[in-house]
Amino acid sequence: MSTSDSDSWYADDPITSANDDSLDRARFVAGLEPVLRRVHSSEQSSVLALIGAWGSGKSSVLAQLAFALRTPGDEEKQQDVPSWITIPFNPWYFPDLASLQTGFFNELHDALPRRASWDKARDSIAGLGRAIAPFGGLLNLVGIDASGPIAGMATVIATDQGVANKRRIAEESLRRADSPVLVIIDDVDRLDPPELLLLFKLIRLIGRLPNVHYLLAYDEVTLLDALSRTGLVGNQDPRRAIDYLEKIVQIRLDLPPVRDEQLSGWVNVSLERLANKYGLNLDDDVSTRFSSAYFGHLKERLATPRGVKRYFAQVDVFLAGLLQEVDFVDFLLITWIRSAEPLLYRAIIDNRGRLLGDFSTISSEWVAGKPDAAAEHAFWEKVLDDARVAPAHQPGVARLVGQLFPRFAHQWSQRNYPYSGDRIEATRIAHPHYFDRYFAFAVPAEDLSDLVVAAAFDQVRSRIHGPELELVEASFPTRTELILGKFESLTVPGTTDAGEVLRWLIRNYHRVPEHTGIADAHQRTRWFAGRLYAGLSERQRLYVLKEAQATQSGLFFFSYLSNAAGSDSQGASDRMPPDATDPVDQGFSAAIHDALWAHIATPPLALDRMLWGLVWDWARIDIEAARHWIRAGLEDHHWDPLDLAARFVSVMTAMGVKNPVGRTGEFDAEFLGRLIDWDDFERKLQLNPEDKDLALGYEMPATSENRRLVARKHLAQFFADRPQN
């Protein structure tokens, strides 16, 4: 296999020059020439066999040998060694014995030299062919018009067509010829069993002529299997096919096996050519991951030159359409599965949800608590069986699939605890937003190209609103994770770019739909933004705050950033009170002040939840300012104290449920007590002590009235217990 030209991946033609020989087969070919000379000197006619597995390079060896035999070297010329006449013969062109005989003698007749010393031999071959072939089979060889069969038969009978006589004449002529003939028959293992027997009959009974030798090339396992399916040999005794073959072939020429170093070298060179062609970076991660797959299983399956070429041709032909849109190693592995295990490739598509972990799969694992590890393993064993993966290959194939899909690896290993969920990087096949790209061979129409996202990122950092950014913003509600994953890979924390990305997130956060999932788009956005914010300087944070306070949703989003910064530095549970002189906290407090005082006349339960959420941040930064606002609402704007208390009844929402209904939760008396004076609040409420005995339903819908009921009951109980506390 030549590695000098990228087109060699797509060509399956044998090499003819030693310059293209990357297998070091030239030494083997050089050793065959004296073997043939010795055989020729001791045998009038012989049958040799070049034996090697499919795709191991037999045809290339034959081509190099034919070239070497036709052009003897200086030593042979000095010794006056005659050059060989090589005749390639393709028996699979002929469907029956008659046409096979006709084709053989045609090829032999036409290949003999057209010089005086060979005229008699050529004529005798034509005569033998006419004598052996059925009527009409070789008439065109001698110019007889087959349209007149009766006349033609008379002409043939009128001449001496005795087979023995014609064979004797041919043998004498060939014996006096000045060059030996080598009939090369490649791909013998491609013949059907009946065709195979016809070929052997031709060679054994008809074609054994002086100075005519045969070199057959085949995969022995395949050939023995074909012989065992013939009536002549049968499959009752496995040894019988071997014994039969030994009667046909006198000399075995076993092709040297491809060495591990050669295979590994081809693979490395092919990877480097791909990298150079597409500008890819083969870093340590790529090398480590592909090496794990290669030595874990691919090595034993990419065992021939043809296998390596075919594999990298598959990679090359489809990679261009997905460049920078998929993970290179994952693409290498899924391409191998598609080429070598096509039914498994289809099964991976069919089991997308189980491999990626859709909600139904995750839910069943959570409900069960402890998975049925044996059943999960048995499921995948059946998938591999149905995909016709050979039992000997199943462990290695499973390792490859596990490298692509961590959830599969967990289930295949029969671990008796639920899959916790590895964090899947963007562009990996196990990422839900990238899976389909590996099977569409392009970015699907409903998807968003990573190249477009990268261009949009450049526009964000440059504060330019180009067409790519417009497309990204339109897709942000539905492709949040894809966009954030790419932005995260492009953003360097603590830089000006990080601040610009944060400002962009603040402007677009309100467009992310609320899914209330375990790790939904809202949570993903907050997590990413919090990491960026924690790395900003004070000046950069003030710049981000300026963007946030322009909108209600922006200010609400900033509260997550502010809390994330505090949690990152000291932990959420034991943070110290904010520094009163911190300019960012002061600015945030001032922004909250303006936002909440603008709605002081709005009853607490009617206040937008994002605005109400700012009360917690205000109390964290400036508790006295928050208390003053609450007191003004109660005393100057006639807030209903029970409405205020109801606002401290939490709302529980089921995760992973589409359009969930909120349910009433716990009453936070402790936080309410930080904002009010209990004695004054109790006088304003004027609760009935019997309210502590109110009967509440289980998980009541979080309506305003139900939240009041929960607050009423808990406050009544609180005030009843208060003297004792």
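In what follows, every heavy atom counts, from backbone to side chain, and hydrogens, waters and symmetry copies are set aside. The chain is numbered in sequence order, starting from 1.
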Checklist line | Closest non-hydrogen atom pair, F556 against M610 | finding: CD1-O, 3.3 Å

Next item on the list: Mark yes or no for whether S291, through its side chain, and S287, through its backbone, hold a donor-acceptor pair below 3.5 Å.
Entry: yes

Check: Going from CZ on R647 to CG on D668, what distance comes out if it is rounded to the nearest 0.5 angstrom?
Finding: 13.5 Å

Identify every side-chain donor-acceptor pair in residues 322-331 under 3.5 Å, counting partners at least two apart or on other chains, and give the distances.
unit_1	atom_1	unit_2	atom_2	d
E325	OE1	R437	NH1	2.9
E325	OE1	D450	N	2.6
E325	OE2	S449	OG	2.4
E325	OE2	D450	N	3.3
E325	OE2	L451	N	3.3
D327	OD1	R289	NH1	3.2
D327	OD2	R289	NH1	3.4
D327	OD2	R289	NH2	2.6
D327	OD2	V329	N	3.2
D327	OD2	D330	N	2.9
D330	OD1	R289	NH2	3.0
D330	OD1	R428	NE	3.3
D330	OD1	R428	NH2	3.3
D330	OD2	R428	NE	2.7
D330	OD2	I429	N	3.0

Note to self: For E666, I'd like to know if atom CD has over 12 heavy atoms of other residues, nucleotides or ligands within 6.0 Å.
What the structure shows: no

Item checked: A387 to L344 - nearest heavy-atom pair and separation -> CB-N, 3.5 Å

Check: How close do A595 and L611 get, heavy atom to heavy atom, and via which atoms?
Finding: CB-CD2, 3.9 Å

Note to self: Which label fits W504 and F487: parallel for a plane angle under 30°, tilted from 30 to 60°, or perpendicular past 60°?
What the structure shows: tilted

Next item on the list: Taking the six-membered ring for Trp and the single ring otherwise, decide whether the centroids of H510 and F557 are under 6.0 Å apart.
Entry: no

Next item on the list: Kindly give the heavy-atom pair with the smallest separation between Q459 and P467, and that separation in Å.
Entry: OE1-N, 4.2 Å

Notebook entry, point to check: Are D316 and R273 ion-paired here, with the side-chain N under 4.0 Å from a carboxylate O?
Noted result: no

Checklist line | From CG (L263) to CG (L298), nearest 0.5 Å | finding: 11.5 Å

Check: For L490 and A454, which heavy atoms make the closest approach, and how far apart are they?
Finding: CD1-CA, 3.9 Å

Check: With distance as the sole test, does R524 use its side chain to make a donor-acceptor pair with the main-chain N or O of E481 at under 3.5 Å?
Finding: no

Check: Rounded to the nearest 0.5 Å, how far does CG of L502 lie from CG of L536?
Finding: 5.5 Å

Check: Parallel, tilted or perpendicular: which describes the rings of H522 and Y509, with under 30° parallel and over 60° perpendicular?
Finding: perpendicular

Note to self: Between D385 and K382, does the salt bridge (Lys or Arg N to Asp or Glu O under 4.0 Å) criterion hold? Intermediate values first, please.
What the structure shows: CA-CA 5 Å; D385 287 338; K382 186 176 186 306; over 6 Å; no

Next item on the list: Assess whether atom CZ of R346 is packed by more than 12 heavy atoms of other residues, nucleotides or ligands within 6.0 Å.
Entry: no

Next item on the list: Begin from the C-alpha positions of T551 and R507 and carry the test side-chain hydrogen bond (donor to acceptor under 3.5 Å, both in side chains) through to its verdict.
Entry: CA-CA 8 Å; T551 62; R507 292 194 296 272; over 6 Å; no

Item checked: Close side-chain approach of K486 to H433, heavy-atom, < 4.5 Å -> no

Notebook entry, point to check: Does any donor atom in the side chain of S537 or R539 lie under 3.5 Å from an acceptor atom in the other side chain?
Noted result: no

Margin query: Donor-acceptor check, side chain of Q314 to backbone of Y311, threshold 3.5 angstrom: yes or no?
Written below: no

Notebook entry, point to check: At what distance, to the nearest 0.5 angstrom, does NE2 of H377 lie from CZ of R415?
Noted result: 12.5 Å

Margin query: Using the ring centroid of each side chain, check whether W618 and F588 are separated by less than 6.0 Å.
Written below: no

Check: Any side-chain heavy atom of I424 sitting closer than 4.5 Å to one from L356?
Finding: no

Checklist line | Separation of L596 CG from L614 CG (nearest 0.5 Å) | finding: 5.5 Å

Note to self: Angle between ring planes, W612 versus F648, binned at 30° and 60°: parallel, tilted or perpendicular?
What the structure shows: perpendicular

Notebook entry, point to check: Between D447 and V443, is there a donor-acceptor pair closer than 3.5 Å when you use the side chain of the first and the backbone of the second?
Noted result: no

Checklist line | Plane angle bin for Y294 and F290 - parallel if under 30°, tilted between 30 and 60°, otherwise perpendicular | finding: parallel

Check: Charged N to carboxylate O below 4.0 Å: is that the case for E488 and R423?
Finding: yes

Next item on the list: Determine yes or no for a side-chain-to-main-chain donor-acceptor pair under 3.5 angstrom, with T491 supplying the side chain and A498 the backbone.
Entry: no

Notebook entry, point to check: Should we count CG of D350 as having more than 12 external heavy atoms under 6.0 Å?
Noted result: yes

Item checked: Donor-acceptor contact below 3.5 Å, side chain Q411 vs main chain E376 -> no

Check: With a cut-off of 6.0 Å (strictly less than), are more than 12 heavy atoms of other residues, nucleotides or ligands near CD of E425?
Finding: no

Check: So which heavy atom on H599 is nearest to which on L607, and how close?
Finding: CB-CD1, 3.6 Å

Margin query: Could you go through L448 and V453, starting from their C-alpha distance and side-chain angles, then the distance that decides it, and tell me whether this counts as side-chain contact (heavy atoms from CB on, under 4.5 Å)?
Written below: CA-CA 7 Å; L448 191 63; V453 177; 3.8 Å; yes

Margin query: For the residue pair R526 and Y560, would you count it as a cation-pi contact if the rule is NZ or CZ under 6.0 angstrom from the ring centre and within 45 degrees of the ring axis?
Written below: yes

Notebook entry, point to check: Is H593 reaching over with its side chain to a backbone N or O of A625, donor-acceptor style, under 3.5 angstrom?
Noted result: no

Note to self: Students often mix this up, so state it plainly: with edges at 30° and 60°, are the rings of F408 and W412 parallel, tilted or perpendicular?
What the structure shows: parallel

Margin query: Any heavy-atom pair between the side chains of N508 and T525 that's under 4.5 Å?
Written below: no

Next item on the list: Would you indicate whether the side-chain heavy atoms of W336 and R301 approach each other to under 4.5 Å?
Entry: yes

Check: When you look at H297 and H393, which way does the side-chain contact (heavy atoms from CB on, under 4.5 Å) test go after all the steps?
Finding: CA-CA 8 Å; H297 185 64; H393 292 156; 4.0 Å; yes

Notebook entry, point to check: Can you check whether D386 reaches V383 side chain to side chain, under 4.5 Å on heavy atoms?
Noted result: no

Margin query: To the closest 0.5 Å, what do you measure between CG (D622) and CG (D617)?
Written below: 12.5 Å

Margin query: Between V492 and D497, is the side-chain contact (heavy atoms from CB on, under 4.5 Å) condition met? List the steps.
Written below: CA-CA 7 Å; V492 178; D497 291 350; over 6 Å; no

Check: Is any side-chain heavy atom of L469 closer than 4.5 Å to a side-chain heavy atom of F457?
Finding: no

Next item on the list: Mind running side-chain contact (heavy atoms from CB on, under 4.5 Å) on I348 and I334 for me, showing each step along the way?
Entry: CA-CA 10 Å; I348 288 174; I334 198 65; 4.0 Å; yes

Notebook entry, point to check: Is any side-chain heavy atom of F379 less than 4.5 Å from a side-chain heavy atom of N351?
Noted result: yes

Checklist line | Quiz item: cation-pi between R541 and Y533, 6.0 Å / 45° | finding: yes

Next item on the list: Mark yes or no for whether S292, through its side chain, and T288, through its backbone, hold a donor-acceptor pair below 3.5 Å.
Entry: no

Next item on the list: Check whether the ring centres of W266 and F312 lie less than 6.0 Å apart, and answer yes or no.
Entry: no

Notebook entry, point to check: Are any non-hydrogen side-chain atoms of R338 and F318 less than 4.5 angstrom apart?
Noted result: yes

